[in-house]
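The basis for the numbers below is simple: all heavy atoms, side chains too, and nothing from hydrogens, waters or symmetry mates.
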Amino acid sequence: MAQYLSADKEKELVQTANLLMAKGKGLLAADESTGSMTKRLQSIGLENNEENRRVYRQTLFTGSKDLAQHISGVILFHETLYQNDDNGKPFRQILQEKGIIPGIKVDKGLVLLAGTNGENTTQGIDGLGERCAQYYKDGARFAKWRCALKIGDGLPSELGIRETANVLARYASICQQNGLVPIVEPEILPEGDHDLETCQRVTEKVLAATYKALSEHHIFLEGTLLKPNMVTAGFDCKKKYTAKDIARATVTALQRTVPVAVPGICFLSGGQSEEDASINLNAINQYQGKKPWALTFSYGRALQASVLSTWAGKSENVSSAQEQLIKRAQANGAAAKGEYGGGAGGKAGDQSLFEANRTY
């Protein structure tokens with residue numbers, strides 16, 4: 001087979017991926033788009049403008065260096081990558097000085113996939129190579145691209161699954177050519193009343209198709225990460241499942257589909273409460289079975305909900321809000337090792353973070 005990446009590039013990708021998946025660490029997803037920040041900021045009575053977004057992200061990034069004990073990387077939105085703190089220091093530099101790797105969201109959001117029953121594909125491939133080259137030059141070392149699939153009424157369709165797999169593979173290839181570790185995110189949405197077994201079956205089908213496409217596109221798996229949903233029932237399912245049930249279904253689905261060459265799997269929280277996201281991650285790591293990958297977190301809402309409500313847009317609350325972030329990061333870092341005993345609390349700790357038809 002032809003050598004698609006140089007040995008030096010492969011080595012750098014492996015090094016970055018392994019640093020991101022260091023034991024007891026995970027990712028902070030702070031890549032909400034400018035539009036999707038409206039709901040976040042309005043919930044605390046703030047206008048969604050660039051300055052308020054900047055001050056909020058400053059709250060996330062400028063706290064104690066202890067954050068780096070639990071957070072290995074931060075996924076940024078384009079705007080945020082080029083913003084500075086009050087003293088003019090770039091956020092990406094602040095993160096780097098803490099020992100946290102900056103990453104970048106490179107997709108341009110979901111659009112309707114014509115010829116389907118309301119399914120989506122993800123746009124942003126055009127010009128991606130040039131953008132990735134610039135992001136690498138500006139300090140980013142990994143990237144994220146989200147696809148989303150629904151369960152129900154014959155969904156996801158074969159076309160929807162195939163399109164998701166192929167666009168993720170194309171994105172991953174472009175990222176690796178430009179030195180960025182691609183996080184591959186084929187999210188099965190938690191909307192609907194489907195049971196756990198249905199979610200597991202669909203998750204396995206989607207992941208199998210995704211890794212088939214990655215293979216066909218000659219993706220260097222050792223320099224990639226996977227960001228999947230945990231296998232959970234739909235939010236409207238009347239049957240309730242335990243954390244052990246979720247762990248069993250999730251690990252089984254991964255065992256059947258994800259190659260051992262992949263260094264790590266960082267779960268999205270999928271609208272779970274902060275506490276549930278930690279407890280379920282802990283159960284996954286405690287599950288007795290073959291788990292050849294790091295199993296950790298890449299949480300947005302499940303790391304930020306208590307931070308945002310504590311901050312409330314007030315400068316006098318910044319320190320307390322930063323303490324909330326450390327607390328949740330510490331809980332998830334412990335869960336990534338199967339050592340979380342529960343009870344981290346937080347202002348929004350048990351609050352459901354589910355949003356139907358969420359876009360960001």
Side-chain angles (χ1 to χ4, degrees), residues 12-13 15-34 37 40 50-106 131-145 175 178-183 185 225 227 263-264 266 268 294 296-304 307-308 311 318-319 321-333 336 360:
E12 182 183 8
L13 291 170
Q15 182 180 30
T16 300
N18 288 337
L19 286 171
L20 289 170
M21 293 294 98
K23 191 173 181 61
K25 295 186 180 184
L27 307 181
L28 167 61
D31 58 331
E32 301 89 353
S33 67
T34 52
M37 283 298 291
R40 305 279 180 273
E50 183 174 356
E51 177 60 11
N52 284 336
R53 292 191 297 270
R54 186 195 68 82
V55 174
Y56 174 58
R57 263 59 183 263
Q58 177 175 262
T59 299
L60 291 175
F61 305 150
T62 59
S64 168
K65 64 179 186 298
D66 291 344
L67 185 64
Q69 294 179 17
H70 318 291
I71 300 294
S72 57
V74 175
I75 310 171
L76 303 170
F77 187 64
H78 176 89
E79 175 186 82
T80 317
L81 183 68
Y82 297 103
Q83 285 178 327
N84 305 325
D85 71 1
D86 291 341
N87 299 315
K89 180 178 285 190
F91 287 151
R92 61 184 185 272
Q93 183 180 341
I94 290 170
L95 293 171
Q96 289 166 335
E97 289 176 355
K98 282 184 165 69
I100 296 173
I101 302 171
I104 183 72
K105 167 188 163 76
V106 296
R131 290 193 289 129
C132 285
Q134 187 64 50
Y135 288 141
Y136 182 92
K137 182 179 179 182
D138 294 334
R141 288 297 178 267
F142 68 100
K144 193 203 80 166
W145 179 290
C175 283
N178 290 283
L180 299 178
V181 170
I183 296 180
E185 182 178 355
L225 299 173
K227 180 172 178 174
C266 45
L268 56 89
T296 187
F297 60 94
S298 177
Y299 293 164
R301 289 168 291 169
L303 273 168
Q304 296 183 49
V307 178
L308 187 64
W311 174 57
V318 167
S319 179
Q322 291 171 338
E323 289 175 6
Q324 290 291 322
L325 179 59
I326 290 283
K327 183 185 292 186
R328 288 284 16 139
Q330 186 176 29
N332 288 309
Y360 68 95

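No donor-acceptor pair under 3.5 Å is formed between the side chain of K105 and the backbone N or O of S33. Between the side chain of Q304 and the backbone N or O of A29, at least one donor-acceptor pair lies under 3.5 Å. A side-chain donor-acceptor contact under 3.5 Å links R141 to the backbone of Y136.
Of the N and O atoms on the side chains of N178 and Y135, not one donor lies less than 3.5 Å from an acceptor on the other residue.
The two residues I71 and F297 have their closest heavy-atom pair at CD1-CE1, 3.7 Å. P102 and L76 get closest at one heavy-atom pair: CB-CD1, 4.3 Å. Closest heavy-atom contact between W311 and V55: CZ2-CG1, 3.7 Å.
Checked for salt-bridge contact, R57 and E32 meet the test: a charged N lies under 4.0 Å from a carboxylate O.
In this structure, the side chains of Y56 and M37 come closer than 4.5 Å at one or more pairs of heavy atoms. Considering only heavy atoms from C-beta on, Q324 stays 4.5 Å or farther from L308 through its side chain. Residues R301 and R40 meet the side-chain proximity criterion, which asks for heavy atoms closer than 4.5 Å.
Judged as a side-chain hydrogen bond (donor to acceptor under 3.5 Å, both in side chains), and not counting sequence neighbours, N87 has no contacts.
Counting only residues at least two apart or on different chains, the salt bridge (Lys or Arg N to Asp or Glu O under 4.0 Å) pairs with a member in residues 80-94 are R54-D86, K89-E97.
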Let me have the donor-acceptor pairs involving side chains of residues 17-28, under 3.5 Å, with sequence neighbours excluded, atom names and distances please.
from: N18; atom 1: ND2; to: V14; atom 2: O; distance (Å): 3.3
from: K25; atom 1: NZ; to: A68; atom 2: O; distance (Å): 3.1

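For the atom pair CG of L95 and CG of L67, the computed distance is 8.5 Å after rounding to the nearest 0.5 Å. How far CD1 of I183 is from OG of S298: 5.5 Å, rounded to the nearest 0.5 Å.
Shown here is Q134, whose CD atom has more than 12 heavy atoms of other residues, nucleotides or ligands within 6.0 Å.
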